[in-house]
Amino acid sequence: MTASASTMSPPPTAEQYEEKEFGFWLYLMSDAAIFALLFATYMMMVGNTAGGLPGKELFSLERAAGETALLLLSSTAFGFAAVALSAGERSRTVIWLLVTFALGAGFICLEVGEFWGMIQEGAPPERSGFLSAFFTLVGTHGLHVSIGLLWIAVMIGQVLFKGLTAPVASRLMRLGLFWHFLDIIWVIIFSVVYLPGLL
Amino acid sequence: MEILGRFTIDSLPFYSVIAASGAGVTVLGGLLVVGVITWFGAWRYVWTEWLTSLDHKKIGIMYIMVALVMLLRGFVDAAMMRSQQAIAFNSDGYLPPSHFDQIFSSHGTIMIFFMAMPFMAGLINLIMPQQIGSRDVAFPFMNSISLWITTAGAGLVLISLVIGRFSTAGWTGYPPYSGVEFTPGVGVDYWIWAVLISGIGSTMSGINFVATIVKCRAPGMYMFRLPLFTWTVFVTAALMIFAFPALTVACTMLMLDRTLDMHFFTNGMGGNMMNYINIFWLWGHPEVYILVLPAFGVFSEVVAIFSQKRLFAYLSLVFATMAIAFLSFTVWLHHFFTMGSSAKVNSFFGTMTSIIAVPTGVKVFDWLMTMFRGRIIFKPPMLYMLGFLVLFVIGGLSGVLLALPPVDYVVHNTTFLVAHFHNVIIPGVVFGYLAGYMMWFPKAFGFKLNEKWGAWSFWCWTIGFILAFMPLYVLGFLGMPRRMEHYEIAAWQPHLIVAAVGAFIIFLGIVCMAIQLIVSLRDREELVDMTGDPWNGRSLEWATSSPAAPYNFAVIPDVKGLDAFWQMKAEGIAYKQPDHYEDITLPRNSSLGLMIGVLGGVFGFAMIWWIWWLAILSMGVIAVLIIIRACDDHTNFVMPASEVKAIEDAWFAKIAKAPRNEMEDDPGFAGFPAPEGTA
């Protein structure tokens, strides 16, 4: 185990990339369980407004539709980045990652604006059990998206400085899983939180 | 904003002599460790060979060291409770209520999260990769993070003794009592952050173990050739992946209630406290099986080796394990039958709970049948196995009794319940891990443990356990609630005195274990394990040297069936040195896991004390460290074939000098595996 006896490391093997992808799937399943419990809690608490404003008066369909459009488009943009990656086109990969980042950042801006507006209207998370559950569920998703944005930024840097090497490509694939996963969660949020709240 | 959040000089433990001396012992213990390492000038060794190591075996050993330290701390809590209750008839005893409440809360928290979980993760890390013929776990770096953030959680519990106070809300932290309205202060926050941080470590361990077993098996090691310990690890790890999120969610919501005034579990404002209890036990019940299944795995290995027979009905044990895992998600409501769900709901959960006893019973019969017509060798691991079989069945039966909602209504929250879960956890989990510790110790350190002191520890643990917990069954029927600081009913006291005596005998068992360790260390030359196979073992972990080389297997074995190593010995292909070796790629040491663990602890501490700047700073540094690691493409190193050959040559030289197997000395020894057909 002495460092002197060791030589420089070889890159990981194909199997090791496969292990990482499999491990990442396991993580996503675990994360999905977290969201499942947050959804269950939200559905249970949706009526617990404690005399405060209900979702019907707080949510805006236009804003939710805008958020949805931005996030779905950013997922599409990531799809194009993945196509560019498999074609080995470095600059096109970076451009599509930048587009993904911009759309995702737009989503976060809209969401922060929504949260801010609700707090201004007298509906902060500490107002009622319903609002606690809403901010926690949607906020946890938003936190994931923010971490995803940071990850995209790091990966843009890696593509620029390291090129589309095997380790970088493997990380991009996992980032893709993460980003599309957040899309799926958002679709459920839209159907469970916003649609029933407004219809 | 205060720079130290809500910390004031009153947070120091000078409010009582007992609290202050606990704090003193904790601080002195820490200083002693630092002092000893400095005295021997061993910092470089400790840093390069241990703290920064990504070797699964060393990570496993460090996990077990954490577990043993926390076992001691958790036991001190238990001893204080037992002695308080023994004298607190019509008297205040020596512990004030608020202190007593901290003690039962920290006892449960420590024993579950910081004794049992690390002990389990340690044994798994040490053995599982060797059993499947792998060189490491799938994600060695994540393994190191898991270890260090679990340790950070344990550290927070220890720090609560010195700075501030611990929770008084029990190890389950039920709201609304654990809410900020009824329990302000840092105690519950210590509990929340210790549990949250270590829980994330456990989730990562679960992912790591499943990925390892699915992806890193040696050629020919099909799933239905896995040793039973590995099978139980696989199922347990899957449970960890799906159950720990519930703990994370429950604790996070409680934290949001307390820190940001939200209303998940408050009395008013639309909160629903029963939701906490539901989510908590949605983790809590699978957790019971997360702890006990690997212990069942250990017992399955122990019973086969020390009965000198192959395991009876391997397949039924595998399927029973899976059935238990599945059913474990269908019984959580039995922890709160008295919540008052409808009779239909309660009877469903009562029925499912009783059904779990069926696969567990299958296992008990399989172990019994393994011993039947076996030639049993009564080494300490086998003694623990036998103690487990007898005592665990009693605990299981009291569980079936509790599964009946009408019975549960009568004994809910009495010491009958306390007796029941200790009766399954101590003989089931603790005995299992201790059996594993004594059986696999040579694999970790290259010498065996003294058997006489091991046997003494078994007898003390068993007799102490019976004396400490059987009276609690009686007390439950006498109507004694759990967690009583003092009482006025004379009939309870004799039972409580017996229980205190039992706790003292368990203490002697722990002392025996300490003596065993010291004596074995002294006699390590005589107890040395030259071959790596001290018990005439059956599975692949016995095919490596003791302690195993960094790469475990110089040549990855080709597995041909169940009991792979036994088969290799029978076919005469074990211990054959190959003509040449190849370079081996291994994970390079990294200090980032340790740093992330320390910073995770700092983050938790900052959140407990509302030191926001420190929380943001530590989380920011953690993010930077993860990004640094994520940009590193050279995380491995290559051990050249020449170095592998040198290590292997030294081992084969030792084997040549050693008697083939140390079990031969036992009068009951049944012989070595013989070629097929002649056995």
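By convention in this document, chain letters (A, B, ...) are assigned in the order of the sequence lines, proteins followed by strands, and residues within each chain are numbered from 1.
The existence of a salt bridge linking B:K215 and A:E15 is excluded, since no basic side-chain nitrogen approaches an acidic carboxylate oxygen closer than 4.0 Å. Looking at A:R127 and B:D261, no side-chain N of the basic residue comes within less than 4.0 Å of a carboxylate O on the acidic one, giving no salt bridge.
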(request) Go through the steps for B:D633 and A:R171 under the test side-chain contact (heavy atoms from CB on, under 4.5 Å), then give the verdict. (result) CA-CA 11 Å; B:D633 293 338; A:R171 285 172 202 138; 2.7 Å; yes
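Of the two parts of A:M29, the backbone and the side chain both hold a non-hydrogen atom closer than 4.5 Å to a non-hydrogen atom of chain B. Residue contact with chain B, scored on non-hydrogen atoms closer than 4.5 Å, involves the side chain of A:L150 exclusively. Only the side chain of B:V249 comes within contact range of chain A, judged by heavy atoms closer than 4.5 Å. Interface residue A:F22: only side-chain heavy atoms are found under 4.5 Å from chain B. Only the side chain of A:K162 comes within contact range of chain B, judged by heavy atoms closer than 4.5 Å. Heavy atoms of B:F242 lying under 4.5 Å from chain A belong to its backbone as well as its side chain.
When A:G129, A:P167, A:S132 are compared by the number of non-hydrogen pairs under 4.5 Å with chain B, A:S132 comes out ahead. Among B:L260, B:T248, B:V214, the residue with the largest count of heavy-atom pairs under 4.5 Å with chain A is B:V214.
Using a 4.5 Å cut-off on side-chain heavy atoms (C-beta onward), A:F130 and B:H263 make no contact. B:L282 places a side-chain heavy atom less than 4.5 Å from the side chain of A:L37. Side-chain contact check for B:I279 versus A:T41: some heavy-atom pair is nearer than 4.5 Å. Put simply, the side chain of B:M262 reaches to within 4.5 Å of the side chain of A:T136, judged on heavy atoms. With contacts defined as side-chain heavy-atom distances shorter than 4.5 Å, the pair A:Q16/B:N636 qualifies. With a 4.5 Å cut-off on side-chain heavy atoms, A:Y27 and B:M204 do not count as touching. Within the 4.5 Å cutoff, side-chain heavy atoms of A:L38 are placed close to those of B:M253. The shortest side-chain heavy-atom distance between B:C631 and A:V154 falls under the 4.5 Å cut-off.
Distance alone, capped at 3.5 Å, places no donor-acceptor pair between the A:S128 side chain and the B:M269 backbone. Side-chain atoms of A:Q158 come within 3.5 Å of backbone N or O of B:A630 as a donor-acceptor pair.
What you find for A:L26 and B:I207 is that their closest heavy atoms are CD1-O, 3.5 Å. The two residues A:M45 and B:N272 make their nearest non-hydrogen contact at CE-N, 4.0 Å. What you find for B:G270 and A:A50 is that their closest heavy atoms are N-CB, 4.0 Å.
Note that CG of B:N275 and CE of A:M44 are 3.5 Å apart. Values are rounded to the nearest 0.5 Å. In this structure, CZ in B:F264 is found 11.0 Å from CG in A:N48, a value given to the nearest 0.5 Å.
Counted within 6.0 Å of CH2 on A:W25, heavy atoms from surrounding residues, nucleotides or ligands total 12 or fewer; the atom is thus considered open. For B:M274, the CE atom is densely surrounded, since the number of other residues' heavy atoms within 6.0 Å is greater than 12.
Contact residues of residues 74-107 of chain A toward chain B are absent (heavy-atom distance under 4.5 Å).
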